[in-house]
2 protein chains.
Amino acid sequence: MQSKELTEPASGPLQAADMRRPATLVDVAFAAKVSIATASRAINGRRYVSDDTRAQVLRAAEQLNFRPSSLARGFRAQRSQTVGMIVPDISSPFYAAALRGAQHVLSRQGYTVLVCDTEEQPQREREALDLLTGQRVAGLILAPVASDHANLRQVLARQPMALVAIDNRLEGRPTDTVLVDNVEGARTLTAHLLEHGHRRIGHISGILSETSGADRLIGYQQALADADIDFDARLVAEGDWSEAGGYAQAMRLLDTANPPTAIVIASSLMAVGTLLALRERNIPVPGSIAVACFDDAPWAPLIEPSLTALCRQDYALGAAAAELILVQLGAKTPRTEREHRLPMTLVVRRSCGCNGEISPLTQPA
Amino acid sequence: MQSKELTEPASGPLQAADMRRPATLVDVAFAAKVSIATASRAINGRRYVSDDTRAQVLRAAEQLNFRPSSLARGFRAQRSQTVGMIVPDISSPFYAAALRGAQHVLSRQGYTVLVCDTEEQPQREREALDLLTGQRVAGLILAPVASDHANLRQVLARQPMALVAIDNRLEGRPTDTVLVDNVEGARTLTAHLLEHGHRRIGHISGILSETSGADRLIGYQQALADADIDFDARLVAEGDWSEAGGYAQAMRLLDTANPPTAIVIASSLMAVGTLLALRERNIPVPGSIAVACFDDAPWAPLIEPSLTALCRQDYALGAAAAELILVQLGAKTPRTEREHRLPMTLVVRRSCGCNGEISPLTQPA
DNA sequence: TTGTAAGCGTTATCAG
DNA sequence: CTGATAACGCTTACAA
């Protein structure tokens, strides 16, 4: 008795393209003179639609500029075509590149990426989690800062959601994880400085409560052990990844009774701080103190002296995390490991004491 | 006759917190022994709810770990609490910082940010627009690359949506826009090199079909005109913002009959390319050729010679764009201009010929 | 092959 | 102040 009203949009059929309301499936069905079900099937490329009908519907959709509402779809599916990404600082080149990689992979499968920048605050990490939970994201790529993940566990208990940790391991919960091979990287850097003949090698570490920071320290210790050198805790200064932190910790090491002749630094930003400290003290690099660090950057070959650094593949890291999300969501992708550990490559320049060349470009795209 | 079934969730009341389905308003209402309508009012802090009832509802919500579904809300409102951001390269420090600024402002108002990276391809810009349109984003922050915005206009005709352009003007359509003062910046750089006594100043420009590239060229020309110097088109080489482009265009300028004695470069990345070219040719900087560029970077003080550059406030740019979105959405925010032109400040270092100091830090946070 | 109708969670309208 | 109910756009059993 009311089938006419049902197929016809409340505000009348769409005739002009300048209507103030996005076209809906009802509009399309009406224009193509079919039922909504048929229109839906045609749009989604399902079987059991005659070629004629399909063409008709697609033409109508085209004409009306129809864009299926992801909101309605997600609402019905109880899950949005959306993946959240929570990072401590999206303006950091590492996370920005990782985001790019993730977004590249995900957008190809029709997902969009919701970014949340926690500004390094656990409080904001919790807020972000709530926000994304409310959005019913299908998956979450998380670069954890807070070590307390009670609320994360709580959320996941009620919300089935693909989860991949990046950069740091998520302790206390088996989770797909993508990170760089921090232990091996630190071994490589330290071993390289050992090859230059250094025996008193310092380490400006990252934040040690983060697994990446801890792992880098472990690698440094392993390399020393491999060379039969006793570990001296006085040669380790805990930084906070930042340039200012690197500066401060470098000063601390320089002010010890017996300063190192070489330093392994856990980030290039801290290396910059260190170089500034050394410059201030008029200590020649690599002459009096050699330096090698993590996290190569585009400017590493240009500074004085050019930085010997480990190159990480941030884009690949984000892309790998996204792939893992897709795997968990059952999308079509190759099966992958539980913990991806991406290798890093040493880019030898001059700060370590080598005669590094002047290379025009540094990081692979 | 069925009110019992309606207030009680289909799968039975929620008792344990480990249910496999997020709590809904129905669950909360049931637990608080009120109607869904009342529960909704209580949750949303609306009037006409007794304090007792409200407390009861909030307690139930808390217990059940209730997170209102943004999907359902958005679906009902025909608009998500979401703002899209389309940029050509999110791993570029400028866009990354702008994203951070935007996300900071928007998340404080309960919005989340959907990022799309177009990888500089107009095709992907169109796809991103479709994706975000489907998501029924409330607003869109767009850093345009494609000059053809026909489809954008088409989309906007049917979808009411807050829109703010950043970085480049969106020609042919009055749009809120936030950009840096490109003309003034180029004038400043050029004038500074003029003060050093240079009369033959070249320009490695950005992409001239983008308004930022065009404006920078205009500023360069204006400064020359102000100094009564005739414009010589042979001194302008159109780059593409990239390091490789800067290298190539620098070589081109060097290979002309009468090379410039100073160069204004439209981006720091291109300046790096230029410096590498000059180094390759053994041309001392600033001795034989002085250099000054746009887009200061953290590593600018560390390279050899340290770069004289214009500092842009990317974070502020993103934040301003977000504010404009909020204004358009009628949220509570101060009224703002139609076109924001953020000033840039000249950071004098050594590549221009000044005796720039070694500053420990560069960019303001 | 096509059509009908239920239902996803929320808010708004209207009746009590 | 509170409760019942319709509606938002879409997918999907199920019916034809």
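Within every chain, numbering begins at 1; the chains are lettered A, B, ... in the order of the sequence lines, protein sequences first and strands thereafter.
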Colleague: When you compare the protein's N or O atoms with those of nucleotides 12-16 of chain C, which come within less than 3.5 Å of each other, and at what distance?
Modeller:
from	atom 1	to	atom 2	distance (Å)
C:dA12	OP2	B:Arg46	NH1	3.2

Colleague: Do we see a donor-acceptor contact under 3.5 Å between the side chains of A:Glu125 and A:Gln121?
Modeller: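 No pair is found: no donor N or O on one side chain lies under 3.5 Å from an acceptor on the other.
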
Colleague: Flag the pair A:Arg124 and A:Asp117 as a salt bridge only when some basic side-chain nitrogen lies within less than 4.0 angstrom of an acidic carboxylate oxygen.
Modeller: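 Looking at A:Arg124 and A:Asp117, the cut-off is not met.
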
Colleague: Roughly how many Å is it from CD in B:Gln56 to P in D:dT2, rounded to a whole number?
Modeller: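 Going from CD in B:Gln56 over to P in D:dT2 covers 9 Å.
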
Colleague: Between C:dC8 and B:Thr24, is there an OP1 or OP2 to side-chain N/O distance shorter than 4.0 Å?
Modeller: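 No, no such contact exists.
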
Colleague: Quick one: side chains of residues 73-84 of chain A, donor-acceptor pairs under 3.5 Å with protein atoms, not counting sequence neighbours, listed by atom name and distance.
Modeller:
from	atom 1	to	atom 2	distance (Å)
A:Arg73	NH2	A:Asn44	OD1	2.8
A:Arg79	NH2	A:Pro160	O	3.3
A:Ser80	OG	A:Gln135	O	3.3
A:Ser80	OG	A:Arg136	O	3.2

Colleague: Over how many whole Å does the gap from A:Arg67 atom CZ to D:dC10 atom P extend?
Modeller: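 Distance, rounded to whole Å: 12 Å.
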
Colleague: So among B:Val115, B:Ile141, B:Thr118, B:Ile166, which one has a side-chain contact (heavy atoms from CB on, under 4.5 Å) with B:Ile86?
Modeller: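 Running side-chain contact (heavy atoms from CB on, under 4.5 Å) over B:Val115, B:Ile141, B:Thr118, B:Ile166 with B:Ile86 returns exactly one hit, B:Thr118.
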
Colleague: Looking only at side-chain atoms of A:Ala72, point me to the closest of D:dG9, C:dT11, C:dG3.
Modeller: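 Nearest to the side-chain atoms of A:Ala72, counting from C-beta on, is D:dG9.
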
Colleague: With a cut-off of less than 4.0 Å, is there a side-chain N or O of B:Ser50 near OP1 or OP2 of D:dT2?
Modeller: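 True: B:Ser50 side-chain N/O within range (under 4.0 Å) of D:dT2 OP1/OP2.
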
Colleague: When the axes are fitted on five pairs at both termini, how much does the helix from C:dT1-D:dA16 to C:dG16-D:dC1 curve, in 10° steps?
Modeller: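 For the helix from C:dT1-D:dA16 to C:dG16-D:dC1, the axes at either end differ by 40°.
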
Colleague: Given D:dT2, is OP1 or OP2 found less than 4.0 Å from the side-chain N or O atoms of B:Ser35?
Modeller: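 Checking D:dT2 against B:Ser35, no side-chain N or O comes under 4.0 Å of OP1 or OP2.
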
Colleague: Should B:Tyr48 be counted as stacked on D:dT2, where stacking needs a ring-centre gap under 5.5 Å and an angle between planes under 30 degrees?
Modeller: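 Here B:Tyr48 fails the 5.5 Å or the 30° condition.
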
Colleague: Between the base of C:dC8 and the ring of A:Phe75 - centre-to-centre under 5.5 Å, planes within under 30° - is that a stack?
Modeller: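 Yes.
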
